[in-house]
Amino acid sequence: MATEALRAYRTVLRATRRTFAGDIEMLRGSAAEVRKKFEENRHVTSPDEVNRLLEEAREASHFISNMIVQAKLNDRGGYEIKPEKEHIGATLEFPSEEMLKKHKK
């Protein structure tokens, strides 16, 4: 089970690194959040609970990889997104102006 948990941890981190490539703030924040979630459940021993948590990690990795597209600030001051083939079928949601302003700081 520990090997599977480590594999799941690395898979989620890889998904965040791909999705947030070039965005240091999001990379740090997402890595910290992933680590926190795995640390919170480090002492879970029930096989059913471990399997449930591993499934959640698989779902999180899939969601991050397939449902999130990182917008990038272009040289004209606007944001651009470049969805990849894995994003086919994802719902497109734009962040609010407030979120964008907060992130620029």
Side-chain angles (χ1 to χ4, degrees):
M1 291 276 189
T3 303
E4 290 179 64
L6 183 57
R7 185 177 306 126
Y9 176 73
R10 289 178 175 160
T11 300
V12 176
L13 285 180
R14 268 193 300 277
T16 62
R17 283 194 299 266
R18 268 192 319 271
T19 298
F20 303 121
D23 186 337
I24 301 301
E25 185 177 335
M26 284 300 294
L27 286 168
R28 286 183 183 150
S30 61
E33 186 65 24
V34 170
R35 182 172 184 89
K36 177 180 151 203
K37 291 293 184 187
F38 274 80
E39 286 292 333
E40 286 173 358
N41 296 295
R42 175 183 285 277
H43 302 292
V44 172
T45 57
S46 161
D48 289 341
E49 186 67 9
V50 169
N51 286 329
R52 184 187 66 75
L53 292 167
L54 290 171
E55 181 59 29
E56 283 182 12
R58 284 188 285 275
E59 289 173 6
S61 177
H62 179 269
F63 183 85
I64 292 165
S65 296
N66 298 291
M67 303 304 280
I68 298 175
V69 179
Q70 181 73 356
K72 297 191 185 222
L73 185 62
N74 63 28
D75 55 357
R76 297 179 313 276
Y79 285 87
E80 294 179 351
I81 59 169
K82 294 181 182 174
E84 303 290 335
K85 65 181 179 183
E86 62 266 11
H87 298 110
I88 294 172
T91 302
L92 187 59
E93 294 182 25
F94 293 97
S96 67
E97 286 296 318
E98 181 180 313
M99 286 180 69
L100 291 172
K101 287 177 186 174
K102 187 176 174 182
H103 187 69
K104 278 185 179 180
K105 293 179 181 179

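Values below: all heavy atoms of this structure, side chains included; hydrogens, waters and symmetry mates excluded.
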- Message: With heavy-atom distances below 4.5 Å as the criterion, would you say the side chains of R14 and R17 are in contact?
- Response: yes
- Task: Compare all side-chain heavy atoms of K36 with those of E39 and state whether any distance is below 4.5 angstrom.
- Result: no
- Query: Donor-acceptor pair, S61 side chain versus R58 backbone, under 3.5 Å?
  - Reply: no
- Task: State, to 0.1 Å, how close A8 and L54 come at their nearest heavy-atom pair, and which atoms those are.
- Result: CB-CD2, 3.9 Å
- Item | Shortest non-hydrogen separation from I64 to T19 and the atoms involved | O-OG1, 3.0 Å
- What distance separates H62 NE2 from M67 CE, expressed to the nearest 0.5 Å? 8.0 Å
- Item | E25 side, atom CD; L27 side, atom CG - distance, nearest 0.5 Å | 10.5 Å
- Item | Lys/Arg N to Asp/Glu carboxylate O, E49 vs R52, below 4.0 Å | yes
- Item | Close side-chain approach of R35 and Y9, heavy atoms under 4.5 Å | yes
- Note on the structure: Smallest heavy-atom separation, Y79 atom then N74 atom, equals N-ND2, 4.4 Å
- Query: Is it the case that S65 and R18 place a side-chain donor and acceptor less than 3.5 Å from each other?
  - Reply: yes
- Task: Find out whether F38 and L53 are in side-chain contact, i.e. whether some heavy atom of one side chain is under 4.5 Å from a heavy atom of the other.
- Result: no
- Would you call Q70 and D23 a side-chain contact if the rule is heavy atoms closer than 4.5 Å? yes
